[in-house]
Amino acid sequence: MLGSFTAFARRAALCKILHQPTLRRILCSPFGTGPQQDTGTIFELRTYDIKPAKTKECMELINRDIHFRLAHSELIGFWTAELGSMNMVFHIWKYDNFAHRAAVRKAIASDKEWQGKLSAILPLLKKMDMEIAYLVPWCELGTPPKEGVYELITYQQKPGGPALWGQSFRAAIDAHVRANYAKLIGVFHTEYGLLNTVRVLWWHESADSRAAGRHRAHEDARVVAAVRESVQFLESQRNMLLIPAPFSPLK
C-alpha cells in the first residue's frame with residue numbers, strides 16, 4: 001500500500017515538472033523551428049570601429065578602392081552607423097560554403113593591388129570584429145522596395161539554441177512582418193563568434209518612418225503578446241540605424 005502511494009506521488013511530481021512551460025517547450029520542440037539551416041551558404045558579418053576623426057578619410061578610401069575586393073566575392077551590403085553607434089561600419093559577405101571562403105581569403109592575400117590599398121585603410125581602424133552566421137531556415141534574404149535606411153538589431157539569447165527560444169523568437173518576428181511595420185531583410189544566427197546571437201536586419205524608408213512604425217507596434221496587441229513571450233529567453237539587445245554606402249548592393 002505504501003509502495004503504491006510512493007509511486008503515485010512520484011508520478012504526480014514528475015507530471016508537475018513536465019508541465020512547466022519552459023521544460024515542456026524543450027522536450028517537445030525539435031532541434032530547429034523548421035527545416036534545418038543550410039550548411040552550405042554562409043554569411044560573414046564584419047564590424048569595423050574607425051578611429052575618431054578618421055571616418056571621412058576611411059570611407060573615401062573604401063569608396064575608391066572597394067572594387068578590388070568585390071572582384072573576389074559577393075558583398076550583400078555595406079553600411080555606416082548613423083544612430084546607436086559612432087565611427088563604425090558594418091558589412092555582410094556571402095560565401096557558398098567554408099571551402100569557398102577559404103579560397104577567397106587565399107586569393108585576397110595574394111592580390112597585391114588590394115593588399116596595397118588595404119595597407120592605407122587598416123591604420124585608420126581601431127577594432128575589427130567578425131562573425132560567421134547562417135540565414136535562419138524560415139527566412140530568405142529580402143530585397144528593399146527602394147533606397148532607404150536599415151536597422152540592425154542584435155539579440156543575445158539565453159544558452160540553449162533554437163530548441164529553447166526559436167519558436168517564440170520566430171513568432172515575435174512574424175508578428176512584426178505581418179503588421180508591415182518594416183521590411184524584413186534577413187535573420188542571421190551566429191555559428192562562429194558569440195553564440196546564441198541573432199542579428200535581424202530591417203529596411204525602413206527613413207528614420208522617421210521607423211519611429212512611426214515602432215510606435216504603432218507598441219500599440220498592437222498581437223505584437224506585444226508575441227514579444228512578451230519571447231523576451232523570457234532574452235539576455236540583452238541593442239540596435240543601430242545604418243546608412244548604406246554608395247557601392248552597397250542593398251540600398
Side-chain angles (χ1 to χ4, degrees), residues 25 29-47 74-79 81 84 90-97 129-145 148-204 210 213-214 217 220 222-223 225-242 244 248-251:
R25 185 179 292 105
S29 296
F31 288 111
T33 57
Q36 293 299 299
Q37 290 175 329
D38 182 1
T39 55
T41 303
I42 59 174
F43 296 86
E44 184 169 351
L45 283 55
R46 288 188 168 233
T47 304
E74 181 181 356
L75 175 66
I76 298 300
F78 196 111
W79 302 267
F90 175 74
H91 38 127
I92 303 175
W93 300 85
K94 180 181 177 182
Y95 298 97
D96 297 337
N97 47 45
D129 287 322
M130 182 272 284
E131 300 171 3
I132 296 294
Y134 290 115
L135 199 63
V136 297
W138 43 268
C139 176
E140 295 182 355
L141 197 62
T143 303
V149 299
Y150 292 76
E151 181 180 13
L152 178 69
I153 308 180
T154 301
Y155 299 89
Q156 186 58 43
Q157 301 292 110
K158 292 182 178 179
L164 175 65
W165 44 257
Q167 185 176 349
S168 61
F169 186 87
R170 178 180 181 177
I173 297 298
D174 285 346
H176 285 82
V177 171
R178 285 194 299 268
N180 200 31
Y181 294 130
K183 168 69 176 178
L184 180 63
I185 300 300
V187 181
F188 302 90
H189 183 203
T190 299
E191 179 72 7
Y192 286 94
L194 188 59
L195 298 179
N196 296 297
T197 300
V198 184
R199 293 182 182 264
V200 183
L201 186 64
W202 300 91
W203 172 91
H204 301 275
R210 181 261 176 199
R214 184 170 176 79
D220 188 324
R222 298 165 299 176
V223 173
V227 170
R228 183 179 293 125
E229 173 68 19
S230 69
V231 295
Q232 63 181 308
F233 305 111
L234 182 66
E235 291 196 337
S236 66
Q237 68 185 92
R238 67 168 298 170
N239 68 340
M240 294 188 295
L241 189 75
L242 304 173
S248 176
L250 287 177
K251 298 293 189 186

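Remember, it's a predicted structure, so these values are computed and weren't measured experimentally.
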Colleague: Quick check for you: to the nearest 0.5 Å, what is the distance between I76 atom CD1 and F188 atom CZ?
Modeller: 7.5 Å
Colleague: Hey, does the side chain of Q167 reach the backbone of P162 with a donor-acceptor pair shorter than 3.5 angstrom?
Modeller: no
Colleague: Specify the closest pair of heavy atoms between A172 and S230, including all atoms of both residues, with the distance to one decimal.
Modeller: CB-OG, 3.7 Å
Colleague: Is N196 close to K158 at the side-chain level, that is, under 4.5 Å between some pair of heavy atoms?
Modeller: no
Colleague: For E74, is the CD atom crowded, meaning more than 12 foreign heavy atoms sit under 6.0 Å from it?
Modeller: yes
Colleague: Below 30° counts as parallel, above 60° as perpendicular, anything between as tilted: where do the rings of H189 and W165 land?
Modeller: perpendicular
Colleague: Report yes if some heavy atom in the side chain of W79 is under 4.5 Å from a heavy atom in the side chain of I92; otherwise report no.
Modeller: yes
Colleague: Got R178 and R222 here, is their nearest side-chain heavy-atom distance under 4.5 Å?
Modeller: no
Colleague: Please state whether the rings of F169 and W138 are parallel, tilted or perpendicular, taking 30° and 60° as the class boundaries.
Modeller: tilted
Colleague: Backbone N or O of T41 within a donor-acceptor pair of the D96 side chain at under 3.5 Å?
Modeller: no
Colleague: If only atom types and distance count, is the side chain of E229 paired as donor or acceptor with the main-chain N or O of A226 below 3.5 Å?
Modeller: no
Colleague: Kindly compute the distance separating CG (L184) from NE2 (H176), expressed to the nearest 0.5 Å.
Modeller: 11.0 Å
Colleague: How long is the gap from CG on L135 to CD1 on I42, to the nearest 0.5 Å?
Modeller: 13.0 Å
Colleague: For residues L250 and P244, determine if any side-chain heavy atom of one lies less than 4.5 Å from a side-chain heavy atom of the other.
Modeller: no
Colleague: Rounded to the nearest 0.5 Å, how far apart are CZ of R210 and CH2 of W202?
Modeller: 11.5 Å
Colleague: Taking all non-hydrogen atoms of both residues into account, name the closest pair between G84 and R238 and its distance.
Modeller: O-NH2, 2.6 Å
Colleague: Working to the nearest 0.5 Å, report the span between CZ of F90 and OG1 of T154.
Modeller: 7.0 Å
Colleague: Using a 4.5 Å cut-off on heavy atoms from C-beta on, say whether the side chain of Q157 contacts that of L234.
Modeller: yes
Colleague: Looking at every heavy atom in both T190 and L195, which two are closest together, and how far apart are they?
Modeller: O-CD2, 4.2 Å
Colleague: Say whether, by atom type as modelled, one donor and one acceptor occur between the side chain of S248 and the main chain of F78 under 3.5 angstrom.
Modeller: yes
Colleague: Do W203 side-chain atoms and I185 backbone N/O form a donor-acceptor pair below 3.5 Å?
Modeller: no
Colleague: Once you round to the nearest 0.5 Å, how far does OG1 of T197 lie from CG of L45?
Modeller: 10.5 Å
Colleague: Do C139 and R170 have side chains that approach each other closer than 4.5 Å (heavy atoms only, starting at C-beta)?
Modeller: no
Colleague: Can you confirm whether the side chains of H91 and W93 place a donor and an acceptor under 3.5 Å from each other?
Modeller: yes
Colleague: Mark yes when over 12 heavy atoms from residues, nucleotides or ligands other than R46 sit less than 6.0 Å from its CZ; otherwise mark no.
Modeller: yes
